[in-house]
Amino acid sequence: QVQLVESGGGLVQPGESLRLSCVASGDTRNINAQGWYRQAPGKDRELVASITSGGSTNYADSVKDRFTISRDNAKNTVYLQMNSLKPEDTAVYSCNAQLYYSGSFQLTYTWGTGTLVTVSS
């Protein structure tokens with residue numbers, strides 16, 4: 001019902017910036033919150049940043065003051081602005097949407113395929 005497509009990843013040098021985009025399509029009216037996750041080789045997937053339907057944001061300590069999550073409701077798009085990138089930021093970044101269906105009290109999640117961010121000199 002809802003599909004997420006990420007874009008914007010690539011290869012950058014330490015200190016440079018990237019902006020990731022997550023476009024939601026389908027029936028997006030039931031999205032409660034969205035977040036960006038990342039998974040580095042050999043590590044578990046971790047939450048990087050999240051934003052609720054009301055605009056509240058949350059960040060992992062490792063990216064606070066460097067990353068910014070934002071949303072453009074008109075475009076059904078969530079962004080992750082990543083500044084001052086470090087090699088340890090290298091990971092596959094995936095967009096997540098939390099869907100709540102009030103009629104059935106059902107809470108589900110939808111994931112995008114992911115986009116690779118590589119920070120290397």
Side-chain angles (χ1 to χ4, degrees):
Q1 187 177 21
V2 174
Q3 297 81 42
L4 304 176
V5 179
E6 305 97 334
S7 63
L11 174 63
V12 297
Q13 295 183 349
E16 295 184 338
S17 300
L18 281 175
R19 188 182 73 163
L20 306 182
S21 299
C22 175
V23 179
S25 61
D27 191 356
T28 62
R29 59 185 175 179
N30 297 116
I31 295 177
N32 278 353
Q34 291 186 259
W36 284 97
Y37 289 74
R38 68 184 181 187
Q39 187 167 25
K43 294 189 175 182
D44 293 333
R45 181 176 293 170
E46 64 173 337
L47 176 65
V48 176
S50 64
I51 185 168
T52 68
S53 59
S56 298
T57 58
N58 184 61
Y59 299 92
D61 289 339
S62 59
V63 307
K64 194 171 297 183
D65 299 325
R66 297 189 298 120
F67 291 10
T68 302
I69 187 171
S70 61
R71 180 182 62 242
D72 187 333
N73 290 329
K75 297 181 179 180
N76 289 321
T77 302
V78 172
Y79 303 95
L80 184 66
Q81 179 66 45
M82 305 184 295
N83 298 327
S84 302
L85 284 163
K86 305 175 181 179
E88 51 263 42
D89 294 319
T90 297
V92 174
Y93 286 73
S94 301
C95 182
N96 165 273
Q98 181 190 77
L99 307 173
Y100 179 67
Y101 301 93
S102 59
S104 58
F105 305 101
Q106 183 180 7
L107 187 67
T108 62
Y109 297 89
T110 298
W111 293 86
T113 303
T115 184
L116 176 63
V117 173
T118 302
V119 185
S120 177
S121 60

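The first residue of the sequence shown is numbered 1, and numbering continues consecutively from there.
- Between the CG atom of N30 and the OG atom of S102 there is a distance of 7.0 Å, given to the nearest 0.5 Å.
- Pairs passing the salt bridge (charged side-chain N to carboxylate O under 4.0 Å, His left out) check and including a residue from residues 100-112, sequence neighbours excluded, do not occur.
- Sequence neighbours left out, not one pair with a member in residues 90-109 passes salt bridge (charged side-chain N to carboxylate O under 4.0 Å, His left out).
- Contacts classified as ring pair (Phe, Tyr, Trp, His ring centres under 6.0 Å) and involving residues 12-54 (residues at least two apart or in different chains) are given here: Y37-W111.
- The cluster map of Ile, Leu, Val, Met, Phe, Trp and Tyr, joined by side-chain heavy atoms under 4.5 Å apart, puts L20 and V12 in the same cluster.
- Judged as a disulfide (SG to SG under 2.5 Å), not a single pair has a partner in residues 23-66 (not counting sequence neighbours).
- For the disulfide (SG to SG under 2.5 Å) condition, the pairs that include at least one residue of residues 75-121, sequence neighbours left out, are C22-C95.
- Residue pairs meeting the side-chain hydrogen bond (donor to acceptor under 3.5 Å, both in side chains) criterion with at least one partner in residues 44-57, sequence neighbours excluded, are R38-E46.
- With sequence neighbours excluded, the residues satisfying side chain to side chain contact (heavy atoms under 4.5 Å, CB included) with S17 are Q81, N83.
- Checked for salt-bridge contact, D89 and K86 miss the test: no charged N lies under 4.0 Å from a carboxylate O.
- Remark: the backbone N or O of P87 is paired with a side-chain donor or acceptor of T90 at under 3.5 angstrom.
- Of the possible polar contacts, one joining the T77 side chain to the K75 backbone as a donor-acceptor pair under 3.5 Å is found.
- With a 4.5 Å cut-off on side-chain heavy atoms, T110 and N96 do not count as touching.
- Of the possible polar contacts, none joining the R71 side chain to the V78 backbone as a donor-acceptor pair under 3.5 Å is found.
- Nearest heavy-atom pair across T28 and A24 is CG2-CB, 3.8 Å.
- For residues 40-72, no pair satisfies disulfide (SG to SG under 2.5 Å), with sequence neighbours left out.
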Exercise answer: donor-acceptor pairs, residues 112-121 side-chain atoms, under 3.5 Å, sequence neighbours excluded:
from: T115; atom 1: OG1; to: G9; atom 2: N; distance (Å): 3.1

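- Residue pairs meeting the ring pair (Phe, Tyr, Trp, His ring centres under 6.0 Å) criterion with at least one member in residues 54-108: none, sequence neighbours excluded.
- Sorted pairs that involve residues 6-26 and meet salt bridge (charged side-chain N to carboxylate O under 4.0 Å, His left out), not counting sequence neighbours, are lacking altogether.
- A continuous path of Ile, Leu, Val, Met, Phe, Trp and Tyr side chains, each step under 4.5 Å between heavy atoms, connects L99 with L4, placing both in one hydrophobic cluster.
- Within the structure, every pair that satisfies the salt bridge (charged side-chain N to carboxylate O under 4.0 Å, His left out) test and touches residues 26-36, not counting sequence neighbours, is listed here: D27-R29.
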